[in-house]
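Scroll down for the structure; my scribbles are underneath it.
No experiment lies behind these values; they were computed from the predicted model shown. Order of appearance sets the numbers: ligands from 1, and atoms from 1 within every ligand.
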Amino acid sequence: MAGPARRARVVLFPLPFQGHISPMLQLAGALHARGLAVTVLHTFFNAPDPKRHLGFSFVAVPDAIPNAVAATNNGIAKILALNAAMETSGLVRDALASLLKSGEEEEEPRLACLVIDSTLTATQKAATSLGLPTLVLHTGSAACFRLFRSYDMLHDKGYLPETESNLHLPVKELPPLKVRDLFDPSKLPNKEIGQKILNLATETTTNSSGAILNTFEALEARELEMIQDELADRIPAFAVGPLHKLTSVDGAQTSLLNQDRSCIEWLDTQAPGSVLYVSFGSVVHVTQDEFMEVAWGLAYSGRPFLWVVRRGLVLGVEKPELPEGFESMVEGKGKVIEWAAQQEVLAHSAVGGFWTHNGWNSTLESICEGVPMLSSPLFGDQLATGRYVQDMWKIGILLEGVLERVKIEKAVRTLLDENEGMEIRDRARDLRNKVQMCLDSSGSSRQAVDKLSYPNRILLLD
Ligand code: UDP
């Protein structure tokens, strides 16, 4: 029996990096909760753990990233190599063909679509060649979605390539961004690669049946409206974020590294709103000098802190070493761990601020818990998000320029307990309430999920 009443299956293919795997698995959880069968296609590289998601099925697709590329810190090169390898091998197409075939069996859910990460053009080409529709998950903000589609305009209007003299120039077409927030691909060692990576999301979106964004109306109403105008209603956009609040899939299930839970017990011993949580996510690196400035800035701030120093955080160093004298100076006040249960940390009442690199997941997780931010964006979309945090939403302080201990020390104090930071803290709390509203049954994100999926099927594609 074919037809709309029959249960549908969605296949999802995340880009194998933490910041992309988590929202894809969260989306999988949200769709599964609505009755859809879920299959996750994944690479061997950074493979998710099937044992943590008993309701989903998993199919591994061998990836053939050359060893030299797999070993580099260059995420952009890895994405391009992955696409090239998948296109050459045809293994994604084979996996999809086999899922389509089993979906023809009457007792099996029929395959409705492939949901892909916006950078995975190869997976989309495989689906298209089999007549299978694709939906594209954008794991960044709506503002960055627009920014990444605007590079031709930014060059035409002379904002790019950036120069020493135009760094502080406002980009009037994309307020509140300044030229320094744009992520200039021509600054990368290989310009063409930089340009290519920006084009991937535009290509996959244009060739898709719909765009799914991990953001919400109350946060980015203007950007979302412009996106829908730009996509000219041909490609519907669904703002279903914050995805981690719309699903029962939690941080421990999606984390590639083991989360150290001792930090929760430590937070239990700290005063409400007193602790600065510090983490720069799963991929960015800092230099040894920057690492020292962060350490001493935290120590001299005199405020309690929980600092994630993950392996590889310092460029070229597997296990970063804290400076001499640091541990004795911060004893009883600071805790350093390799990887946190971040969502729980941010929800803990002892946490009063988050010093972040503004990866989009970290930013959303902070917003959801009403935690104000100290922003140190380092790369890519983080730069624009840091600007939005300070100048648009006004829920944080952007640390611009070189990281220096004195600057850090002052910013930490302002954020956590000085009068100057009070309005920022209040606004962060107000925004948390708006998140709650978008998650209610009549809220915008719930409604977007309703428009996307009906119990048992993808509404859009029926
Ligand atoms: N994260 C975590 N423990 C940590 C640091 C980060 O579980 O100690 C999680 C965090 O909750 C977030 C993800 O890792 O969901 C990082 O994603 P984000 O987009 O913020 O940054 P990226 O790692 O992609 O730069």
Nitrogen or oxygen atoms of [X] and ligand 1 under 3.5 Å apart:
X    : value
Q343 : no
S282 : yes
Q382 : no

Who's the nearest protein heavy-atom neighbour of [atom], and how far?
atom                    : value
atom 24 (O) of ligand 1 : G19 CA, 3.4 Å
atom 3 (N) of ligand 1  : A340 O, 2.8 Å
atom 1 (N) of ligand 1  : W339 CZ2, 3.3 Å
atom 7 (O) of ligand 1  : Q259 NE2, 3.0 Å
atom 6 (C) of ligand 1  : Q342 OE1, 3.1 Å

Does [X] come within less than 4.0 angstrom of ligand 1, counting non-hydrogen atoms of the residue?
X    : value
H357 : yes
S279 : yes
V308 : yes
F379 : no

Q) Which residue pairs pass the ring-ring contact (aromatic ring centres under 6.0 Å, His included) test with at least one member in residues 254-278, sequence neighbours excluded? A) Y277-F354
